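Worth saying up front: this structure is predicted, and the values here are computed from it rather than measured. Residue numbers count from 1 along this sequence.
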Amino acid sequence: MTSMDSVLSQGVGSESGERSSKVQISTSDAHKVDGKSHPEVIHWHKRGVAARALHLSRGVEKPSGRVTYIVVLEGLCRFNVEELSTRGPYCTAKISSLEMTKAEMEQVEQDPDFVTLSRQFKATAMELISVLEQKQKTGGRIKVLLETLPLHKLADIFVASFEMSLEEQLSMLDSVDPKVRLSKATELVDRHLQSIRVAEKITQKVEGQLSKSQKEFLLRQQMRAIKEELGDNDDDEDDLAALERKMQSAGMPSNIWKHAQRELRRLKKMPPQQPGYNSSRVYLELLADLPWQKASEEQELDLKAAKDRLDCDHYGLSKVKQRIIEYLAVRKLKPDARGPVLCFVGPPGVGKTSLASSIAAALGRKFVRISLGGVKDEADIRGHRRTYIGSMPGRLIDGLKRVAVCNPVMLLDEIDKTGSDVRGDPASALLEVLDPEQNKSFNDHYLNVPYDLSKVIFVATANRVQPIPPPLLDRMEVIELPGYTAEEKQRIAMQHLIPRVLDQHGLNSEYLQIPEAMVKLVIQRYTREAGVRNLERNLAALARAAAVRVAEQEQAVSVSKDVHKLASPLLDNRLAEGAEMEMEVLPMGVNNNEISTAFKISSRLVVDEAMLEKILGPPRFDDQEAADRVATPGVSVGLVWTNFGGEVQFVEATAMIGNGELHLTGQLGDVIKESAKIALTWVCV
């Protein structure tokens, strides 16, 4: 027997078997409990492996200051512990080697049982290697070991690569007999092979049952795992968590919050590839984006400042401005008052939309415009139901989402242009919106929860009152905006239109000047409307002509680009001697007569009557025509009402020889036909 300091395998052996006994010793280190020393009992396994240290390297130092070391060992042989004792902090043992001699091993190899076990182990091992090659594309090195190493050593190598319990490992260590060791190794290899086959069978069965959506879900889970490894955290779970936080901060009422939570729980259970996933998510994002309680902070209402703002933005319209000031005064005294819905009615271009914008500016609220022209579907007001593909909320809810406040000034523009067909009547849907008693619980079909519109100030515009249904008209206060007179148009042009047109075309009063008399001629000869839109277009035509002239003058030749470098030996010598010389520099391509015009500052363009006819063409309207035609016998003047304000119409009569019959031609209405017959009857009488 020999004695050596070695590192022994520490562990708990199995309770059965003649070779699984334990050796107990007490170490010199003791644990102190209640001031008393109790020796620590260590259980050592009776069998072990003798090893030789090949390499020692320093490991990583832990935060506690403890340093770890890595030792590379080479196993030599199994041994049996005969006697174990302590020497200082170390343990020493008397051991006896359990390795078989070469002669004994040759005798065992000739044993028929060993030969049978060897063939069985080798066949099982080869089968396992083939399975691993198909699964992991490895195993070539193991095949080489299987052909070269002795089987009793190969059994230890094979078993060491498997996941086994400590009891199984100690059982293999105790197997000194090669036949017993080979039998246990064959059993472990076969068990490992069977587990691989069962796992493959289950995988194939599960993959056969996976549908297309399940495969996509599996791929998405793998993609999510890859993103987590790469540190990319923008996955669906993070998005849903962010959406939930956004919903919590939206300030929803309690009943709507419960509904949103129920929808969110339903969304979390749905896979992203399910058809209804995106629609549910868009719906929840809408609930989170709507301003349930967020409102604009209204500034202290100053009626004088509001009046000045109206006078600055609009000329004339004194009665309309006075009604708006009265409306604002009531809002100042009682901010939560449910005032009437103002409806501005008038021809195009008289400032209906800008009046609504001025109301929003005076109140310090955000302004949103909803165009109702040509709307024929009730879903544009109430929204589509979520059961339809491509459903979306109504224009009112969408407008509130855009301004992100619950108390804006909302303009319902062109409310008289709504129609109706098989898809519903938008005007009927507006009855609930404009009724102060009903709009506090407005129900949008897409939203499917009540929304409070009572804080919104509604303003409507229309060109005519007649197309508006009476029930809807009854919910609004109509304010008529008549057309502007020629004097009012002239003041509007001088104060508002000309500065705006010049700014839009990059000009100022230094380049273009339009006298007041020319503005009057433009109004009389080129425009005949209730508003000022055509007047602004004609002024823009004058500004474009001035812009062309200014742009052409800015293309004057630059001296720095056209002066060529003078290269002359005589000139260089004269300059070197310090002589004084007189030089005249002329732009290339410009003669002496054109020098003054090339560098002359462009003069201001003043519009005159000749320029008006050159740019705008011959006059379209002539006021003298009415006087001349009325002076002729048989000509009368009549007024014709139109949507744009009205027209002057001349009625001519000529004496002819006939038989007393009246023939009407053209596309005449019944009223005109009746009027002609009445006139004939009156003349004949």
Side-chain angles (χ1 to χ4, degrees), residues 6-25 41-51 71-82 84 91 93 95-100 105 108-109 111 113-133 135-136 138-139 141-143 145-146 149-202:
S6 60
V7 179
L8 304 178
S9 298
Q10 178 181 354
V12 180
S14 60
E15 298 296 334
S16 61
E18 57 180 3
R19 296 182 178 178
S20 60
S21 59
K22 305 172 185 176
V23 179
Q24 299 182 1
I25 67 167
V41 179
I42 300 178
H43 300 278
W44 298 99
H45 195 65
K46 197 171 182 180
R47 298 283 171 82
V49 177
V71 183
V72 180
L73 301 176
E74 179 186 6
L76 299 176
C77 64
R78 285 180 171 84
F79 64 80
N80 187 39
V81 179
E82 302 294 341
L84 191 63
C91 298
I95 63 173
S96 59
S97 177
L98 298 177
E99 285 296 316
M100 300 178 64
M105 195 62 215
V108 172
E109 290 177 352
D111 190 349
D113 295 338
F114 181 81
V115 174
T116 304
L117 288 173
S118 300
R119 293 175 181 174
Q120 184 179 359
F121 172 77
K122 197 169 184 178
T124 307
M126 288 297 294
E127 189 175 358
L128 176 61
I129 293 172
S130 300
V131 173
L132 293 176
E133 281 183 345
K135 189 175 181 181
Q136 303 176 358
T138 59
R141 185 178 178 184
I142 302 177
K143 280 186 176 181
L145 295 176
L146 192 61
L149 289 178
L151 290 178
H152 65 281
K153 291 186 178 181
L154 192 62
D156 294 333
I157 296 175
F158 254 82
V159 173
S161 62
F162 299 154
E163 292 184 2
M164 298 185 300
S165 63
L166 181 61
E167 288 78 6
E168 291 176 336
Q169 294 176 2
L170 293 177
S171 177
M172 282 295 298
L173 181 63
D174 291 339
S175 301
V176 180
D177 189 356
K179 292 188 293 183
V180 177
R181 193 189 316 165
L182 207 57
S183 176
K184 291 183 178 180
T186 304
E187 180 182 353
L188 291 173
V189 172
D190 185 68
R191 187 175 65 185
H192 190 67
L193 179 62
Q194 295 300 325
S195 64
I196 293 177
R197 287 178 174 174
V198 170
E200 289 182 350
K201 186 176 180 180
I202 293 175

Where do Leu182 and Gln120 land on the side-chain contact (heavy atoms from CB on, under 4.5 Å) test, with the steps shown first? CA-CA 9 Å; Leu182 207 57; Gln120 184 179 359; over 6 Å; no
Could you check Leu166 against Gln169 for side-chain contact (heavy atoms from CB on, under 4.5 Å), going step by step and ending with a plain yes or no? CA-CA 5 Å; Leu166 181 61; Gln169 294 176 2; 4.1 Å; yes
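Atom CG in Leu188 sits 5.5 Å away from atom CD in Glu168 (nearest 0.5 Å). The line from CD of Glu167 to CG of Leu170 is 7.0 Å long, rounded to the nearest 0.5 Å. Atom CD of Glu82 is separated from atom NZ of Lys46 by 6.5 Å, given to the nearest 0.5 angstrom. One finds the CG atom of Asn80 at 4.5 Å from the OG atom of Ser96 (value rounded to the nearest 0.5 Å). Atom OG1 of Thr124 and atom CD of Gln194 lie 9.5 Å apart (nearest 0.5 Å). Taking CZ from Arg181 and OG from Ser171, the interatomic distance works out to 11.5 Å, rounded to the nearest 0.5 Å.
A search for salt bridge (charged side-chain N to carboxylate O under 4.0 Å, His left out) contacts involving Arg119 returns nothing, not counting sequence neighbours. The salt bridge (charged side-chain N to carboxylate O under 4.0 Å, His left out) search around Asp111 returns Lys179, not counting sequence neighbours. By the side chain to side chain contact (heavy atoms under 4.5 Å, CB included) test, Glu99 is found to be paired with Cys77, Arg78, Ser97, residues two or more places apart in sequence or in another chain being considered.
Closest heavy-atom contact between Gly75 and Val49: CA-CG1, 4.4 Å. When all heavy atoms of Val81 and Ile95 are compared, the closest pair comes out as CA-CG2, 4.3 Å. Closest heavy-atom contact between Val180 and Ser175: CG1-OG, 4.0 Å. Taking every heavy atom of both residues into account, Arg47 and Asp174 meet most closely at CG-OD1, 3.1 Å. Across every non-hydrogen atom of Phe121 and Ala185, the tightest pair is CE1-CB, 3.8 Å. Counting all heavy atoms, side chain and backbone alike, Val176 lies closest to Leu98 at CG1-O, 3.5 Å.
Formation of a donor-acceptor pair under 3.5 Å by the Ser118 side chain with backbone atoms of Phe114 is found in this model.
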